[in-house]
Amino acid sequence: MERYDHQKIDPPSHKATEGRGKMDRYNHQQIEKKWRTKWERQKTWKVDLAKAKKPYYNLMMFPYPSAEGLHVGNVYAFVGSDIHGRFARMRGNDVFEPMGFDSFGIHSENFAIKQGTHPKEQTAKNIKNFTLQLKHLGGLFDWEHSVTTSEPEYYKWTQWLFLQLYKAGLAYKKEAPVEWCPSCKTVLANEQVIDGKCERCNSEVIQKELEQWFFGITKYAERLLKNLEWIDWTEKTKIAQRNWIGKSEGLVFTAPVKNSKLHIQTFSAHFEAFQADTFVVIAPDHPLLETLIEDVPNKKEILSFSQKIVENREKEGYVEEKKFEGIFTGRYIVDPVGNGDLPIWVASYAIKEYGTGIVKCSAHDERDFAFAKKYGIRLKPVLFPKDKEQKVRVEKLEECYTDMLNGYLAEPNEFSGKRAGDARQEVIKYVIRKGLAEPKTQYHLRDWLISRQRYWGPPIPIIYCRKCWEIRNPKSGIRNLIVGHDYTIIEGKEHMIVPVKEKDLPVLLPDVEDFRPSGTGKSPLASVASFVETTCPECKGPAKRETDVSDTFLDSAWYFLRYPSVEAKNSVLEIRNSKLEIPWNQQITRRWLPLDMYIGGHEHAVLHLLYTRFITMALKDMGHIEFEEPFKKFRAHGLITKEGAKMSKSKGNVVNPDEYFVKYGADTVRTYLMFIGPLGEGGDWSDKGIVGISRFFNRLWSFAENAQLQKRAETLLLRSSGVLAQGVEIEAVRHRTIKKVTEDLEGLRYNTAIAALMEYSNEFSKKTVTLDQFNALLILLSPFAPHLTEELWEKLGNEGSVHNQPWPEYDPKALEEKVVRLVIQVNGKVRDVVEVSPGIKEKEAVALALAQEKIQKWFPTKKPKNVVFVKGRLLNLVSY
RNA sequence: GGGCAGGUGGCGAAAUUGGCAAACGCACUAGCCUUAGGAGCUAGCGCCGCAAGGCUUGUGGGUUCAACUCCCACCCUGCCCACCA
């Protein structure tokens with residue numbers, strides 16, 4: 001533990017002030033330690049998961065335990081969530097607030113590689129450090145129900161989950177072009193490629209064909225979209241998910257290829273101007289291309305050209321793809337909608353994964369337009385803007401016009417003169433009625449690639465068996481085997497895919513010396529013979545293990561299900577738990593899930609949150625759980641920056657929370673972070689700003705210290721050094737504060753809640769305060785500053801713990817004001833303010849206003865022409 | 001190129017959703033206290049002006065008795081996504 005210089009930083013017993021008895025700074029280190037120990041010993045935050053009456057599952061996204069230790073960003077997120085949990089707890093809920101570690105994954109592995117330590121050792125070290133730091137935070141964390149994703153007792157169940165998805169037909173293997181990072185030497189998920197570069201190391205990503213495991217998340221696209229309508233999530237997050245799923249309704253046209261028996265299908269989402277189609281493009285790597293050009297004389301040339309395009313793509317990634325390349329295939333389609341014979345071109349910008357990989361093109365798409373111009377392909381615009389001059393430019397093919405909403409159609413006759421946006425639905429009906437096209441829904445969402453050619457993850461629990469293939473192959477009468485799901489091809493030979501038996505889980509990650517990625521496209525596990533060589537669970541013959549591990553996102557896609565069912569270590573229950581056939585206890589799960597509140601970073605708005613929803617839905621469909629949405633409520637917190645910039649080690653602007661825990665205490669750090677701005681928006685950390693909270697707390701401390709306690713009519717009166725006044729008005733402020741703080745905590749507006757508490761406490765220096773009134777402040781402040789409020793609670797002779805007090809209610813009657821300030825405006829400009837009784841009538845108010853000197857001069861002779869009166873608030877006299 | 005969020009004092013921000021713009025805090029200024037200091041207390045603090053008063057929520061327009069708030073156009077910043085037809 002770091003030590004600090006008492007002389008310089010924060011003298012606990014302030015020599016200078018002692019003599020004068022003016023201002024005592026509180027010793028946060030001593031106090032926080034005292035309560036930390038006490039709470040831990042008394043298990044103050046423990047809930048009985050089996051019996052809790054009002055279960056409230058409050059979760060924060062668990063951290064990846066980095067070697068750098070807890071980050072202020074972590075602290076911000078956890079405190080924001082913890083305050084919510086404490087608030088819910090004081091409102092009578094049994095709050096379960098667990099904490100764990102997302103310790104598998106490329107982060108840990110890369111760090112270990114750099115340091116030359118083994119990820120296992122490094123992770124253990126990091127977790128130890130994190131746990132220590134987390135315990136200083138003053139959270140409600142239930143450490144008896146913690147998870148660590150890299151522990152066999154956890155990843156055993158991650159593997160179990162894989163097997164369930166496999167059984168349900170949701171896991172399959174296929175060769176796929178994948179994003180490959182030459183530096184990290186691994187496959188990346190689409191999501192990990194930023195601007196054609198690796199998210200982690202920033203090197204150019206290339207494409208590579210590899211056999212990969214996928215999860216069929218696209219089967220759930222519609223449901224993932226649909227449920228967004230009712231879950232209580234922030235609209236921002238929902239929009240991000242909608243965009244990611246990327247549903248677009250379009251049409252598939254089927255067209256015969258001229259002089260051939262072939263038919264091809266084209267997809268378009270913008271088909272309103274279908275009469276403008278003049279050519280067709282096909283993706284250079286489209287599987288149909290070779291068949292299509294079978295009889296074309298320059299077939300070889302076309303294929304090698306296409307090959308070149310694909311290679312260029314791989315080399316350059318998807319970055320500078322502004323240039324268009326293509327080649328004519330020599331073939332035509334007979335356009336079903338009557339545009340005649342349309343030439344088919346191979347085009348660099350056509351991608352085989354989207355739609356059908358073949359598109360009908362027209363003058364009304366930027367890329368089609370540019371491509372056609374380059375190769376001199378005929379264009380025929382049918383969609384025009386209202387503006388005459390612009391229309392001429394479009395007609396002359398000087399300008400590409402793409403407005404499918406506001407443009408006007410010229411053809412066909414049925415739609416001539418119609419706005420494209422209005423015609424859309426009719427066009428759909430028209431082409432379908434004529435049998436020209438089929439409606440098709442296309443999603444941007446792709447299946448989830450979960451294979452990683454890495455070491456630090458859960459081995460995928462699959463075994464490949466040649467012998468089983470020989471026994472069960474189609475020639476021996478068993479048919480309908482699906483490639484990728486039932487069998488795969490390894491080194492040119494078919495092998496049956498045999499899932500590991502559940503009773504044999506976990507497939508332990510072997511301890512190896514060399515965990516570095518091999519760079520061959522295979523996981524480091526592939527070179528561990530004792531791991532690879534195994535026995536087939538079906539035929540008992542020799543077989544090989546899958547050597548890839550699964551994506552870290554799979555670990556975090558189900559952890560919330562595990563927490564409540566984790567049993568304390570070394571107990572009898574642990575042994576019973578190990579007999580569980582599924583990773584959770586059904587009764588406890590029924591009681592606690594789905595989650596009541598989930599708080600985490602917006603950067604996970606799509607990936608983690610979408611995967612989690614998918615896994616939950618799949619588990620429900622398999623009958624393992626009874627709900628299909630994991631989080632009833634989700635709120636995203638913002639980012640904490642330093643001088644406006646994202647904190648990063650390379651910039652050297654990382655704020656280390658430890659330093660501030662020592663200097664100011666956890667309570668001050670907690671409260672300051674929440675004071676910066678609304679939780680959802682984050683904000684900028686300032687070393688100066690934190691002293692405001694520090695002063696606020698020291699004032700409270702000093703106030704309680706110096707207060708003279710005296711019995712008077714059964715009420716303890718606290719008198720500050722300030723003026724003695726009747727403690728009447730402060731009662732109104734108290735109730736107003738209760739109302740404000742309560743509403744702000746409900747809406748996660750912690751910053752304004754703190755401001756309200758400061759205002760309330762500022763009253764204390766002016767007035768006499770009863771113990772009840774002071775206690776109200778302590779209770780309202782306790783979610784923010786759990787240690788300090790507990791200490792003061794005790795110090796003032798209160799019974800029990802401040803944290804076990806019920807959340808105060810406000811009395812609406814106490815809010816009623818006896819005098820209000822009435823704003824008087826003339827022509828909408830404020831000219832005066834008068835104090836009146838809240839019930840003042842319009843007539844009286846006008847009379848009163850006109851009697852004011854400042855108002856009179858605006859109406860020397862005449863009367864106001866018009867009067868607007870907002871009861872108890874405002875009076876506007878209009879002179880015109 | 002697309003989506004989302006945002007633009008208010010020197011700074012972080014607030015404004016009951018159309019009704020006193022700048023609450024609360026930081027920084028700053030003056031005074032007090034003093035065992036002289038990274039402490040505390042009192043007061044001040046959007047801009048211009050000695051004042052009366054005038055001006056002020058990215059820019060320009062509009063609606064309204066009244067606009068930070070609603071509508072239209074534009075500019076800027078941040079985040080996320082992008083060969084998605």
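Per chain, numbering begins at 1; letters A, B, ... match sequence-line order. As the structure is a prediction and not an experimental result, all values here were calculated from the model. Excluded from the calculations below are hydrogen atoms, water molecules and symmetry mates; all remaining heavy atoms, backbone and side chain alike, are included.
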Is B:rG61 syn or anti, taking syn as a glycosidic angle within 90° of 0?
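B:rG61: anti.
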Mind telling me whether B:rU17 is syn or anti, cutoff 90° either side of 0?
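Syn, since the glycosidic angle lies within 90° of 0.
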May I have the distance from [X] (atom [atom1]) to [N] (atom [atom2]), rounded to whole angstrom?
| X | N | atom1 | atom2 | value |
| --- | --- | --- | --- | --- |
| A:Arg831 | B:rA52 | CZ | P | 14 Å |
| A:Trp685 | B:rG12 | CH2 | P | 17 Å |
| A:Asn698 | B:rG40 | CG | C1' | 10 Å |

Any chance the side chains of A:Gln265 and A:Thr254 put a donor and an acceptor closer than 3.5 Å?
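Note: A:Gln265 and A:Thr254 side chains meet the donor-acceptor criterion.
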Given the C1' atoms of B:rG58 and B:rG7, what is the spacing between them in whole Å?
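Comparing C1' positions in B:rG58 and B:rG7 gives a spacing of 6 Å.
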If you draw a 6.0 Å radius around CD in A:Glu222, do more than 12 non-hydrogen atoms from other residues or ligands fall strictly inside?
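Yes, because the 6.0 Å sphere around CD of A:Glu222 holds more than 12 heavy atoms from other groups.
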The side chain of [X] lies closest to which of these nucleotides: [options]?
| X | options | value |
| --- | --- | --- |
| A:Met758 | B:rA66, B:rC24, B:rA27 | B:rC24 |
| A:Val830 | B:rC20, B:rG12, B:rC55 | B:rC20 |
| A:Ile239 | B:rA21, B:rA85, B:rC4 | B:rC4 |
| A:Ala755 | B:rC55, B:rA23, B:rA85 | B:rA23 |
| A:Arg695 | B:rU16, B:rC26, B:rA23 | B:rC26 |
| A:Tyr349 | B:rG25, B:rA13, B:rC83 | B:rC83 |
| A:Arg699 | B:rG25, B:rC26, B:rC65 | B:rG25 |

Reckon [X] has a side-chain N or O less than 4.0 Å from the OP1 or OP2 of [N]?
| X | N | result |
| --- | --- | --- |
| A:Asn243 | B:rC80 | no |
| A:Asn762 | B:rG25 | yes |
| A:Arg749 | B:rU16 | no |

Please name the nucleotide paired to B:rA5 by Watson-Crick or G-U wobble geometry with both distances under 3.5 Å, or report none.
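Pairing partner: B:rU77.
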Can you tell me the pairing partner of B:rA13 across any strand shown, Watson-Crick or G-U wobble, with both distances under 3.5 angstrom?
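Paired with B:rA13, as far as the under-3.5 Å criterion goes, is no nucleotide at all.
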Residues A:His286, A:Leu288; criterion side-chain contact (heavy atoms from CB on, under 4.5 Å); working and verdict
CA-CA 5 Å; A:His286 201 286; A:Leu288 219 71; 3.3 Å; yes
Test your reading of the model: is there a side-chain donor-acceptor pair from A:Lys238 to the backbone of A:Leu228, 3.5 Å cut-off?
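At least one qualifying donor-acceptor pair exists.
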SB check A:Lys663 A:Glu659 (cutoff 4.0 Å)
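No, this pair does not count.
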